[in-house]
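Just so you know, these numbers use all the heavy atoms, side chains as well, and skip hydrogens, waters and symmetry mates. First listed ligand is number 1; within each ligand, the first listed atom is number 1.
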Amino acid sequence: MQNILGAIADDFTGATDLCSTWVKAGLRVIQVIGVPGPDFIPAEADAIVIALKSRTIAPDQAIAQSLAALEWLRGQGVRQVLFKYCSTFDSTPQGNIGPVTDALLDALGSDFTVVSPAFPGNGRTIYKGNLFVGDLPLAESSMKDHPLTPMRDSSLIRLMDAQSRGRTGLVPLQTLRRGPAAVTKAFEELRAQGFRYVVPDAVEDQDMMILGKALDGMALVTGGSAVAMGLPANLRESGELGAGMAPRLPRADGRPVVIAGSCSAATRAQIAHVVPLWPSLKIEIDRIAAGEDVVGQAMKWADDQSGPILIYGSSDPVEVAENQRRHGIQAAGEMMERTLSDIARGLFAQGFGKFLVAGGETSGAVISALGLGQLVIGPEVCPGVPWCGATLDGRDLALCLKSGNFGGADMFAAALEMFDV
Ligand SMILES: Nc1ncnc2c1ncn2[C@@H]1O[C@H](COP(=O)(O)OP(=O)(O)OP(=O)(O)O)[C@@H](O)[C@H]1O
Ligand SMILES: O=C(O)[C@@H](O)C(=O)CO
């Protein structure tokens, strides 16, 4: 069996978001955690998404990991590769979106690709090359205060140019709306003019479907999960895709816990919603830095509670800035990720079996600490956020990896209600 679509995602929640998009399109999809070793046997699938944690690491490491992922995917026979990054283009002036895209293009012997973080279903739209989050330009949205990748420019063209080797062109909405053939022609013209990347405007799902058709045959596609929406239709037309299967809610015994490390506005609203309803524990960076046994205390606390519980590090931008000033940006993030993931591992040992984790970096840390190899994608809680199943030490567990800014205020409870919790 050859897997026909392959993807490299720069974080774990982004990977599940993409998997969910393809599962909804009827594909059998598996999410693989990190680049698999030689003994790894992937479950049978139409698409494989490799989840890396490469969004904020040094560019040379991100390149090395992404190239290793590409090599592995090519060994599986994938016919098109997607580099999945955040729908809010989370990156720094150094990368890693530009450097990884350049390295993947080189490795594939290609010199042109699309840059499309648009995700209309979640309010990420592109107009005249500018990225909007809901009603606000990216640089005026809450992403301007992101702890690791503050986004201070809304122009995707400037953002991509600043961190890549080539030049970025635009396909305006008017051209896109003329259909796939017009888009393909615009791509060819831009490429002939020496552009290496193209940002297509897109404001509705229908635009993503037009774009998807124009991407047929492009060796490397880059963007958010919605750029993947139209790709399965190309495979159906060429007869390469069989009948789809409805996703199933994973089996999982054990208590539920929400672990939040995302400081995004949506996650903070979700936390504010459940704090009055559920036992909730805030983890303080200062106490971690002071060497207190924060993990042991959290596990004891969790043992004393019943029903769903929330453990969170998330703070508002003022407190995050204060923590970063005291401990350093990287160190503050890492301390919190390590602590939350140690707590997750401890809770699994304590019998917890349903984990909702908020935040891409945080999810990456938790999944790595649990030592999971692959996730089977189940039904969606809200756009871009599915439940996933995994097996660990002979136990079934369910995981819901939530991108920081996804989901409405009542999303935590809605996710657990799917299990009648
Ligand atoms: N109180 C805090 N002070 C400083 N940093 C924090 C605090 N709480 C969490 N963090 C760090 O902020 C970062 C949040 O990144 P994460 O990727 O988990 O969330 P996100 O960016 O909102 O989600 P996504 O990547 O899915 O959009 C993590 O490194 C986390 O450890
Ligand atoms: O594209 C998105 O917004 C998400 O899948 C994500 O990558 C958040 O980390």
*Asks:* Using heavy atoms and a threshold below 4.0 Å, how should the contact between T149 and ligand 1 be classified: side chain, backbone, both, or neither?
*Replies:* neither
*Asks:* Could you check Y312 against F412 for ring-ring contact (aromatic ring centres under 6.0 Å, His included), going step by step and ending with a plain yes or no?
*Replies:* CA-CA 13 Å; Y312 65 105; F412 293 166; 9.5 Å; no
*Asks:* Mark up the atoms of ligand 2 that fall under 4.0 Å of a heavy atom belonging to K84, in ascending order.
*Replies:* 1 (O), 2 (C), 4 (C), 5 (O), 6 (C), 7 (O)
*Asks:* Which of the atoms in ligand 1, numbered in the order shown and given with their element, are less than 4.0 Å from a heavy-atom of R55?
*Replies:* 25 (O)
*Asks:* Students should be able to answer this: which protein heavy-atom is nearest to atom 18 (O) of ligand 1, and at what distance?
*Replies:* T362 OG1, 2.6 Å
*Asks:* Out of all atoms in ligand 1, which are within 4.0 Å of some heavy atom of M336? Include the element for each.
*Replies:* 8 (N), 9 (C), 31 (O)
*Asks:* Salt bridge between D303 and K300, side-chain N to carboxylate O under 4.0 Å?
*Replies:* no
*Asks:* Roughly how far, to the nearest 0.5 Å, is CD1 of I4 from CD1 of I48?
*Replies:* 11.0 Å
*Asks:* For F89, is the NZ or CZ atom of R124 found under 6.0 angstrom from the centre of its six-membered ring and inside 45 degrees of the ring axis?
*Replies:* no
*Asks:* Distance under 4.0 Å to a non-hydrogen atom of S262: what atoms of ligand 1 satisfy this?
*Replies:* 19 (O), 20 (P), 22 (O)
*Asks:* Distance to 0.1 Å, residue and atom name: give those for the protein heavy atom nearest to atom 27 (O) of ligand 1.
*Replies:* G404 N, 3.5 Å
*Asks:* Check ligand 2 against S87 and write out every atom of the ligand that is under 4.0 Å from a heavy-atom position of the residue.
*Replies:* 1 (O), 2 (C), 3 (O)
*Asks:* Going from NE2 on H273 to CG on D410, what distance comes out if it is rounded to the nearest 0.5 angstrom?
*Replies:* 5.0 Å
*Asks:* Please report the interatomic distance NZ(K84) to CG(L52), rounded to the nearest 0.5 Å.
*Replies:* 12.0 Å
*Asks:* Would L73 and V78 satisfy side chain to side chain contact (heavy atoms under 4.5 Å, CB included), going step by step from the backbone distance to the final call?
*Replies:* CA-CA 6 Å; L73 286 172; V78 301; 3.9 Å; yes
*Asks:* What's the spacing between I30 CD1 and Q374 CD if we round to 0.5 Å?
*Replies:* 4.5 Å
*Asks:* Before giving the answer on side chain to side chain contact (heavy atoms under 4.5 Å, CB included), spell out for Q163 and S91 the whole-Å C-alpha distance, their side-chain angles and the decisive distance to 0.1 Å.
*Replies:* CA-CA 9 Å; Q163 56 178 276; S91 52; 3.1 Å; yes
*Asks:* Using side chain to side chain donor-acceptor pair (under 3.5 Å) as the criterion, point out the one residue from D106, D102, T101 that pairs with R165.
*Replies:* D106
*Asks:* Run the numbers for me: atoms of ligand 2, each under 4.0 Å from some heavy atom of T13, listed by number.
*Replies:* 8 (C), 9 (O)
*Asks:* Taking both backbone and side-chain atoms of Q324, is any N or O found less than 3.5 Å from an N or O belonging to ligand 1?
*Replies:* no
*Asks:* Under 4.0 Å from any heavy atom of T13, which atoms of ligand 1 are there?
*Replies:* 26 (O)
*Asks:* N/O of D17 under 3.5 Å from N/O of ligand 2, yes or no?
*Replies:* yes
*Asks:* Below 3.5 angstrom, do we get any N/O pair linking E334 and ligand 1?
*Replies:* no
*Asks:* Flag the pair E322 and R325 as a salt bridge only when some basic side-chain nitrogen lies within less than 4.0 angstrom of an acidic carboxylate oxygen.
*Replies:* yes
*Asks:* Can you pull out the closest protein heavy atom to atom 5 (N) of ligand 1? Residue, atom name and distance to 0.1 Å, please.
*Replies:* I285 CD1, 4.0 Å
*Asks:* Using distance alone, with no hydrogens and no angle criterion, decide if T13 and D11 have a side-chain donor and acceptor under 3.5 Å apart.
*Replies:* yes
*Asks:* Starting from the C-alpha separation in whole Å, work towards a yes-or-no answer on side chain to side chain contact (heavy atoms under 4.5 Å, CB included) for R177 and D207.
*Replies:* CA-CA 7 Å; R177 292 267 165 98; D207 299 327; 2.7 Å; yes
*Asks:* Under 3.5 Å between some N or O of ligand 2 and some N or O of S225?
*Replies:* no
*Asks:* With heavy atoms of P147 as the reference, note each atom of ligand 1 found under 4.0 Å away.
*Replies:* 12 (O)
*Asks:* Applying a heavy-atom cut-off of 4.0 Å, say which part of F406 lies close to ligand 2: side chain, backbone, both or neither.
*Replies:* side chain
*Asks:* Taking 4.0 angstrom as the limit and counting only heavy atoms of G360, give me the atoms of ligand 1 inside it, by number and element.
*Replies:* 16 (P), 17 (O), 18 (O), 19 (O), 23 (O), 24 (P), 25 (O), 26 (O)
*Asks:* Would you mind running through ligand 1 and noting each atom that sits below 4.0 Å from a heavy atom of H146?
*Replies:* 20 (P), 21 (O)
*Asks:* Is the shortest distance from a Lys or Arg side-chain nitrogen in R236 or D216 to a carboxylate oxygen in the other one below 4.0 Å?
*Replies:* no
*Asks:* Could you see which bit of T88 sits under 4.0 Å from ligand 1, with heavy atoms only: side chain, backbone, both or neither?
*Replies:* neither
*Asks:* Looking only at protein heavy atoms, which one is nearest to atom 7 (O) of ligand 2, and how far off is it?
*Replies:* R55 NH2, 2.8 Å
*Asks:* I want to confirm something. Looking only at heavy atoms, which of S363, C263, G333 is nearest to atom 31 (O) of ligand 1?
*Replies:* G333
*Asks:* Any idea which protein heavy atom is nearest atom 4 (C) of ligand 2, and the distance to it?
*Replies:* S403 OG, 3.1 Å
*Asks:* Could you tell me, atom by atom, which parts of ligand 1 come under 4.0 Å of a heavy atom of N323?
*Replies:* 1 (N), 2 (C), 3 (N)
*Asks:* For G14, counting its heavy atoms only, list the atoms of ligand 2 lying under 4.0 Å from any of them.
*Replies:* 5 (O), 6 (C), 7 (O)
*Asks:* At what distance, to the nearest 0.5 angstrom, does CG of L310 lie from CD of Q270?
*Replies:* 10.5 Å
*Asks:* Kindly assign one of parallel, tilted or perpendicular to the pair F355 and F352, based on the angle between their ring planes and the thresholds 30° and 60°.
*Replies:* tilted
*Asks:* Tell me, which protein residue and heavy-atom name are nearest atom 17 (O) of ligand 1, and how many Å apart are they?
*Replies:* E361 N, 2.7 Å
*Asks:* Evaluate side chain to side chain contact (heavy atoms under 4.5 Å, CB included) for V115 paired with I97, printing each intermediate quantity in order.
*Replies:* CA-CA 9 Å; V115 172; I97 296 174; 5.6 Å; no
*Asks:* Please state which protein non-hydrogen atom is closest to atom 22 (O) of ligand 1 and give its distance, to 0.1 Å?
*Replies:* S264 OG, 2.5 Å
*Asks:* Can you find an N/O atom of G313 closer than 3.5 Å to an N/O atom of ligand 1?
*Replies:* yes
*Asks:* What's the shortest distance from atom 30 (C) of ligand 1 to any protein heavy atom, and which residue and atom give it?
*Replies:* G261 O, 3.6 Å
*Asks:* Say whether E337 and ligand 1 are in contact under the criterion: heavy-atom distance to a ligand atom below 4.0 Å.
*Replies:* yes
*Asks:* I need the atoms of ligand 2 closer than 4.0 Å to a non-hydrogen atom of D11, numbered in the order shown.
*Replies:* 7 (O), 9 (O)
*Asks:* If you measure from the Lys or Arg side-chain nitrogens to the Asp or Glu carboxylate oxygens, is any gap between R167 and D161 under 4.0 Å?
*Replies:* no
